[in-house]
Participant: 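Below are the structure tokens for one structure; questions will follow.
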Protein chains: 2
Amino acid sequence: MTPTRRAPLADAVICTVDVVLLTLHQHTLHVVLSRREKAPNQGALALPGGFVHTQEDDSAWHAAARVLQDKAGIDSPYLEQLATWSGPDRDPRGWSVSIVYYALIPETLVPAHSADVQMHPVYALPLLPFDHGQMVAQAIERVRNKSQYSSLPVYLCGDAFTLPHLQTVYEAVLGEPINKVSFRRKMDEMDMLEPIEGALESGGAHRPAQLYRLKPEFQRSLSVVERGINA
Amino acid sequence: MTPTRRAPLADAVICTVDVVLLTLHQHTLHVVLSRREKAPNQGALALPGGFVHTQEDDSAWHAAARVLQDKAGIDSPYLEQLATWSGPDRDPRGWSVSIVYYALIPETLVPAHSADVQMHPVYALPLLPFDHGQMVAQAIERVRNKSQYSSLPVYLCGDAFTLPHLQTVYEAVLGEPINKVSFRRKMDEMDMLEPIEGALESGGAHRPAQLYRLKPEFQRSLSVVERGINA
DNA sequence: GGAATAGTGTCTCTAAGACAGTATCTA
DNA sequence: TAGATACTGTCTTAGAGACACTATTCC
């Protein structure tokens with residue numbers, strides 16, 4: 001063998017995280033985009049993301065939580081890994097890896113619309129840089145799948161909500177109407193809600209609805225049922 | 001601000017792939033482990049894995065396929081990303097990322113038992129280095145979930161198999177017996193199998209079973225049903 | 001009281017599970 | 001023919017959907 005300089009331990013790889021931050025606005029799923037401060041694609045709307053900081057981040061999850069805090073001022077109660085994108089061409093700076101997370105938050109927590117942070121409906125997105133379009137599509141798919149058999153959509157609601165409202169949230173996520181009786185049977189089976197004693201949501205010329213909240217044990221974990229909500 | 005040397009584009013991160021290679025042996029899920037050739041944990045049995053090679057790999061998926069070929073001589077028809085593990089402490093060499101894939105192959109394709117490549121039952125594994133134990137556990141969970149409503153387990157069978165055999169494969173993966181009539185109804189609904197004309201599996205003192213094969217369009221993609229196999 | 005939505009009781013219908021029957025092989 | 005397993009027909013049962021009824025509010 002020809003003597004060569006010892007190769008480095010590993011090839012240099014650019015390691016970033018991106019976050020698909022989802023919320024519900026006007027009965028439609030929206031994704032929160034932020035304007036890129038640096039090249040490449042400086043000035044473009046994109047998923048909030050950034051480099052992993054090896055000095056401060058304990059994991060990619062922590063990096064994603066930090067990015068969410070820095071770019072949108074949000075401390076999301078639900079932040080789950082989606083998948084990892086990688087390859088030599090996705091970022092012009094070189095062979096790169098992006099570990100992608102997704103988060104769900106109620107509309108009330110979304111920062112006010114500005115030039116730098118905007119909410120866009122997921123089915124009418126501007127053209128996104130890198131492979132961010134794929135990431136959003138896969139996040140939607142994951143959320144729709146999980147919503148079929150879990151309490152995931154409650155993260156799109158605030159602290160107190162009514163069953164009719166929660167049903168519209170599920171319907172918006174799943175994209176189809178749900179039978180009212182079946183829906184209530186499922187919520188009962190999930191056993192994750194408790195009525196807020198004496199709290200009703202009035203406001204219309206009709207019977208007011210009972211307000212519910214998540215049982216404490218489900219604040220940051222999902223309730224799951226074996227057979228999904230058959231929508 | 002004090003003048004400092006310009007930080008590099010990104011902090012150095014070690015980027016590897018690992019593969020959870022699963023197969024069925026004696027009606028039990030087994031994972032194929034290979035002996036580590038290099039430090040750290042040199043000589044230990046671990047998931048086959050290695051660095052991403054930025055010069056030759058087009059993506060982490062390609063790196064995983066290459067690792068599978070190099071360490072076990074296998075070209076798996078199904079190789080899917082599981083998740084990514086990361087952090088400063090999981091590898092003593094520094095802040096590291098491992099993009100983990102899982103693959104399913106029939107027992108006939110597993111390399112012969114040797115000192116360097118071994119098959120171990122997933123519920124009685126040796127202590128694995130790094131966070132490989134977590135990776136295997138999560139792969140099992142993923143496979144069991146997907147098997148409830150898809151054709152995933154057929155990747156554990158060879159090219160031709162009988163329905164009774166396929167049912168035992170599903171039962172081994174799911175860990176519970178399945179109703180025979182329901183199972184056949186589901187296989188029919190999945191519409192992924194075709195009988196091999198005139199090919200029967202004889203061998204016992206009883207009626208021989210029809211041999212089936214995957215329809216070509218499902219050779220490398222899954223068939224999925226809405227409502228799972230209710231085991 | 002009328003209109004509107006919340007919440008519930010109950011029937012129908014679909015699909016999963018149980019069970020028993022027929023089919024086809026070896027010894 | 002006996003015994004074993006493959007395959008199928010059909011009844012039972014669990015659970016999702018449809019529908020209608022009652023409840024409670026504002027006007």
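Labels below follow one simple rule: chain letters A, B, ... track the order of the sequence lines, proteins then strands, and each chain is numbered from 1.
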Participant: Under 4.0 Å from OP1 or OP2 of dA16(C): is there any side-chain N or O of Asn179(B) that close?
Facilitator: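 False: Asn179(B) side-chain N/O out of range (4.0 Å or more) of dA16(C) OP1/OP2.
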Participant: For Leu200(A) and dA23(D), give me the distance from atom CG to atom P, rounded to whole Å.
Facilitator: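 Answer to the nearest Å: 16 Å.
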Participant: Once you round it to whole Å, what is the distance between P of dA6(C) and CD of Glu201(A)?
Facilitator: 9 Å
Participant: To the side chain of Pro208(A), which of dT25(D), dC7(D), dT24(C) is closest?
Facilitator: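 Per side-chain heavy atoms of Pro208(A), the pick is dT25(D).
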Participant: Distance-only, no hydrogens or angles: does the Lys146(B) side chain make a donor-acceptor pair with backbone N or O of Leu152(B) under 3.5 Å?
Facilitator: no
Participant: Between P on dA6(D) and CG on Leu163(B), what's the gap in Å once rounded to a whole number?
Facilitator: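 Rounding to the nearest Å, CG of Leu163(B) and P of dA6(D) are 10 Å apart.
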Participant: Check this one for me: any side-chain N or O of Arg227(A) less than 4.0 Å away from OP1 or OP2 of dG15(D)?
Facilitator: yes
Participant: Classify Ser202(A) by what it touches in the nucleic acid, base, sugar-phosphate, or nothing, heavy-atom distance under 4.0 Å.
Facilitator: nothing
Participant: Which nucleotide wins on minimum distance to the side chain of Val181(B), given the candidates dC25(C), dA6(C), dT8(D)?
Facilitator: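 Closest nucleotide to the Val181(B) side chain: dT8(D).
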Participant: Take Gly204(B) and Lys180(A), find for each the nucleotide of DNA chain C with the closest heavy atom, and name the residue whose nucleotide sits nearer the 5' end.
Facilitator: Lys180(A)
Participant: Starting from P on dA16(C), measure out to OH on Tyr149(B) and report it in whole angstrom.
Facilitator: 17 Å
Participant: Atom CZ of Phe183(A) to atom P of dA16(D): distance rounded to whole Å?
Facilitator: 14 Å
Participant: Nearest whole angstrom, please: distance from the P of dC7(D) to the CG of Asp188(B).
Facilitator: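 Whole-Å distance recorded here is 13 Å.
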Participant: Might you confirm whether atom CD of Glu226(A) has over 12 heavy atoms from other residues, nucleotides or ligands at distances under 6.0 Å?
Facilitator: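 No, CD of Glu226(A) has 12 or fewer neighbouring heavy atoms, counting only those of other groups under 6.0 Å.
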Participant: Is there a side-chain polar atom (N or O) of Lys186(B) under 4.0 Å from OP1 or OP2 of dA15(C)?
Facilitator: no
Participant: Quick check for you: among dT25(D), dA16(D), dC25(C), whose closest atom lies nearest to any side-chain atom of His206(B)?
Facilitator: dC25(C)
Participant: I'd like to check Thr162(A) versus Tyr212(A) (side-chain heavy atoms, cut-off strictly below 4.5 Å). Are they in contact?
Facilitator: no
Participant: Is the phosphate of dG7(C), meaning OP1 or OP2, less than 4.0 Å from a side-chain N or O of Arg184(A)?
Facilitator: yes
Participant: For Pro195(B), does its backbone N or O pair with a side-chain atom of Gln210(B) as donor and acceptor, under 3.5 Å?
Facilitator: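 No: the side chain of Gln210(B) does not pair with the backbone of Pro195(B).
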Participant: Count the heavy atoms belonging to other residues, nucleotides or ligands that lie under 6.0 Å from CG of Asp159(A), then report whether that count exceeds 12.
Facilitator: no
Participant: For Met187(B) and dA6(D), what is the distance between atoms CE and C1' respectively, to the nearest whole Å?
Facilitator: 17 Å
